[in-house]
Each structure stands twice: as C-alpha cells, then as structure tokens.
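Atoms within each ligand, like the ligands themselves, are counted from 1 in listed order. None of these values were measured; they are calculated from a predicted model.
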Amino acid sequence: MSDISSLENLRTFFNSGNTQSYAFRKEQLNRLKSSILKHEQDLYDALYTDLKKSPEEVWVTETGMVISELNSAIKKLSKWMKPKRVSTNLLNLPSRSRILSEPLGVVLIIAPWNYPFQLLINPLIGAIAAGNCVVLKPSEFAPATDAVMKKIIEETFPKEYILYVQGDGAAVIPEMMNNFTFDHVFYTGSTAVGKIIYKMAADKLTPVTLELGGKSPCVVESDANIKVAARRIAMTKFSNAGQMCVAPDYVLVHESVKEKFIGSMKESIENFFSSTPEESYNYGKIINAKQFDRLNNYLQQGKVAHGGRTDKEKLFIEPTLLTDVSMNADVMKDEIFGPILPIFSFNEKEEALKIIQQHPNPLSFYVYTSNSTKESDWLKAVPAGGSCVNNSSWHLTNHNLPFGGRGFSGIGNYHGHFSFDTFSHKKAVMKTPTWFDPNIKYPPFKGKLNLFKKVIR
Ligand code: NAD
C-alpha cells in the first residue's frame with residue numbers, strides 16, 4: 001500500500017450514500033455469493049496448496065461456512081435493517097423512541113492465515129450487510145488463497161467500495177492506520193499483534209473488534225463418555241493440523257479415566273488419519289518452516305505418548321499426544337496452534353482450575369461430563385469467549401451464537417446478526433410531538449422538586 005489516496009476514494013464513495021440502501025447491500029451479498037461459487041474449484045486448489053486441506057474440509061470450515069453465512073444474511077437483511085421501536089419512559093411521553101442501525105463508514109478487516117478465506121470473508125459479509133465500505137487485508141502467509149481472494153474481490157466490487165490490500169502486515173497496516181482514520185478495525189490474529197493494532201487504533205479513538213487466540217482448555221471428567229470425548233477432541237485438535245484458534249490447546253482428564261482416555265485418543269487418531277498421517281487425505285500440513293520449527297521444539301518438552309514423527313520437507317508433524325509436561329515449558333506458556341496435545345490428569349477440580357487460571361479468559365473452554373451439576377459448575381468456574389459441553393470447537397459454526405473472546409482472547413464478537421451489529425452504530429432517536437409542551441419541563445424550577453420525584457423514579 002503506497003497510495004493513501006485510494007483510501008480517500010472509499011471515504012468519498014461512502015459519503016455518497018450509495019452503500020446505504022437495502023437493494024444495494026442485498027445485491028452486493030448476492031454478487032459475492034455468485035463469485036465465490038464461480039471460483040469454488042480455485043479455492044479448493046489454493047487451500048490444498050497452502051494448507052493441504054481436502055475439498056470436504058474446505059467446505060465445512062471455509063467456503064460452506066461462508067455461503068451459509070451469506071444465505072442467512074441475504075434472507076434476514078431487511079429484518080436486521082429495520083429500526084427497532086422501544087418504549088419511552090414517563091418523563092418523555094408522548095415522545096416515541098427507536099434505534100437505527102447506521103453503517104460505521106470505512107472499516108478495515110485484517111485476517112490470519114489458518115482459515116485464510118473464511119476469516120477474511122465472514123466479517124466482510126457483516127460489513128457489507130451493515131452498509132460499510134471495506135478495506136480487506138488478508139494474511140501474506142497463505143499466498144495461493146490470497147491470490148484467489150484478490151481475484152474474487154476485484155472481479156466483483158469496484159475498488160472505491162471494497163479495496164483488497166496485499167503485503168507484509170507489519171508494513172502495510174501501520175501505514176494505513178497512521179495515515180487514514182478508519183471507522184472500525186476488525187482484526188483476527190495473535191494476541192501480540194492484536195495489542196499493536198489496539199494501540200494504533202487508540203491513537204485515533206477507532207473502535208476495534210479483536211478476535212485473538214490463547215490457550216483453550218479441555219476438561220474430561222470421570223463421568224464423561226470417554227470414547228465420544230476422545231473422538232471429538234481428536235477431530236477438532238488435529239483438524240487443519242491443529243492450526244485452529246478454538247482447537248483444544250491441552251486436556252485435563254480425571255486421573256481415574258486417564259489411561260482409558262489416552263487409549264481412545266490413539267484409536268481415534270489412527271481411525272481418522274491412519275498410521276501414516278503424512279499420506280492421509282484427511283490430514284493437513286504446517287503452514288511454513290517458521291511455524292514448523294516452533295512446533296518441533298515443543299516435541300521435546302514432554303513424554304511422547306503417541307505420534308512425534310516429523311518431516312520438515314513436507315511440513316509434516318504427526319498428531320502427537322504429550323504427557324509429563326512441565327507447567328514451565330514453552331508448550332504450556334504459548335498457544336500451541338499445531339498438532340500437539342499435552343495431557344494432564346487431576347483428582348480434585350481445584351487442581352485443574354489452578355492450571356487453567358494461569359491463562360485467564362481463554363477463547364474457548366470445553367468440558368466433557370454427563371453430570372449437569374458438574375457441567376454448570378465448570379461453565380461458571382471458567383470465564384471464556386465461548387464453550388461447548390461434550391464437544392469442542394463446533395460452537396463457532398452456529399451463526400446464531402456470538403463468536404468472540406474476552407479479555408486476553410479478544411474484544412467483541414460476530415457471526416450472523418452479531419456481525420451486522422458489530423459493523424453498525426446503534427443510533428438512539430427520540431421524536432417528540434409539538435402539540436404537547438407542558439411548562440413543568442421549563443424553568444423556573446423552584447417548587448417542582450416533588451413533582452420531579454414522582455416522574456423520575
Ligand atoms: P498474526 O497476528 O501474525 O497475523 C494476523 C494479521 O496481522 C495478518 O494479516 C498479518 O499481516 C498482520 N500483522 C502481522 N504483524 C503485524 C504488525 N506488526 N502490525 C500490523 N499487522 C500485522 O496471526 P497469524 O499468525 O496469522 O494467526 C495466528 C493467530 O491468530 C493465533 O494466535 C490464533 O489463535 C489467532 N486466531 C484467532 C482467531 C479468532 O477467531 N479468535 C481465528 C484464527 C486465528
């Protein structure tokens with residue numbers, strides 16, 4: 001990005017009011033959908049190149065998820081856009097009150113590389129639905145997908161409406177944010193970069209949504225259905241080779257079922273990915289050598305209970321279970337974001353909680369139990385962005401649920417109508433008739449205190 005005047009073109013386009021009407025927004029959503037479907041095969045090819053994802057995995061976690069979000073937005077847009085009538089308090093009667101959803105203006109959406117398509121386009125849907133102009137900044141680390149997305153966006157939208165900006169985030173994003181005032185920044189990525197974005201936004205009082213990462217714990221209680229728990233944990237931990245923000249980062253299993261759980265995990269891993277996962281249709285690869293090296297170091301930080309094989313050439317790390325891990329090891333300090341799962345056992349809930357509390361406010365928290373009291377106790381005990389009971393990660397695929405973190409795992413949320421709300425300003429409007437204009441509301445006020453106490457309470 002070297003031409004800041006192209007950002008000013010978005011401001012001019014937004015100020016023209018063209019993006020405001022229902023017809024315009026709906027047309028853009030439909031155009032986006034057609035373009036994605038036209039390039040469906042290109043996206044399969046690109047996501048295979050970048051991350052070795054199968055078409056089935058791409059549909060469930062990338063393209064299909066986006067199409068489903070688009071279908072819902074197209075269907076519900078007129079409802080979302082309707083002003084919301086609210087009641088008026090006694091003091092203001094006979095005024096009438098309503099809430100208008102206004103577009104924010106020109107917004108910046110920044111995405112990471114792990115679900116490079118879905119994490120850029122899903123927020124875009126909310127931003128278009130809410131009537132904004134958008135600058136899209138994809139990750140530079142999924143170049144094949146980046147190239148297809150550029151084609152989709154530039155074939156579909158004029159640059160003064162949706163601008164696609166490629167390049168090194170550390171250079172391009174500060175250049176844009178320091179030279180132009182965005183009306184909102186929607187960022188998905190690491191907590192470390194999230195803090196940089198937050199600081200730059202604060203300088204211009206730009207509101208932000210931060211969708212960050214962290215260590216999402218997974219508790220398996222003694223009364224859990226162990227076989228099902230292991231299948232669901234193995235599936236979500238090793239999908240996309242563990243490079244998923246809501247993947248279970250580590251497991252805390254009740255001591256009484258630890259051996260059974262580890263046995264079931266091994267069985268599930270073999271069933272899903274065979275004994276040679278490097279050749280499996282269902283198993284992905286690590287994004288690049290830098291991430292491979294980071295993950296490879298973790299393999300030495302515990303006892304390998306399963307897996308452990310690697311191939312740097314193929315960017316392959318086997319689905320790996322680690323036991324006997326020290327809490328001071330890097331693998332328990334950093335977000336793992338790869339196919340390595342440390343497993344700890346506990347006898348008392350407090351022991352497990354103490355471990356979880358070392359990384360407060362995770363993006364997700366998962367508990368496996370068949371006891372509803374334990375379920376609610378656990379949900380209360382661990383503040384998190386979102387949770388699943390007897391499941392992991394799938395909550396993010398239901399667009400009727402808000403998706404986002406809290407504290408260190410993020411600010412704000414999106415998906416479905418929550419996306420529309422994120423990219424809208426809620427404007428309070430009160431309309432007061434002129435036929436009723438009592439003197440009580442005007443000075444002199446002396447002697448009116450008792451009456452005020454009756455009206456305002
Ligand atoms: P990242 O933070 O390195 O990069 C994300 C984006 O920020 C990229 O577009 C990049 O170009 C840009 N960027 C990088 N350095 C920058 C800088 N100095 N200044 C400004 N912008 C910069 O993240 P990543 O490695 O691409 O993704 C992995 C992280 O993202 C993990 O922590 C993961 O948990 C998190 N994540 C969160 C979610 C979520 O929905 N909460 C989803 C996916 C990934």
Problem set entry | Test item: T209 and V185 side chains (from C-beta on) under 4.5 Å apart, heavy atoms | no
For this session: For M327 and F344, work out which heavy atoms get closest and say how close.
Result: CE-CE2, 3.1 Å
Exercise. Would you say the side chain of H184 lies within less than 4.5 Å of the side chain of P207, judging by non-hydrogen atoms?
Worked result: yes
Exercise. Quick one: are F420 and Y414 in side-chain contact, heavy atoms under 4.5 Å?
Worked result: no
Problem set entry | Within-4.5 Å side-chain heavy-atom neighbours: N282 and F272 | no
For this session: State, with a plain yes or no, whether a side-chain heavy atom of F316 is found less than 4.5 Å away from one of F292.
Result: no
Problem set entry | For ligand 1, the residues whose heavy atoms come within less than 4.0 Å (ordered by chain, then number) | I110, A111, P112, W113, N114, L119, K137, P138, S139, E140, G169, A170, I173, Y187, T188, G189, S190, V193, I196, I197, E211, L212, G213, C245, E335, F337, L363, F403
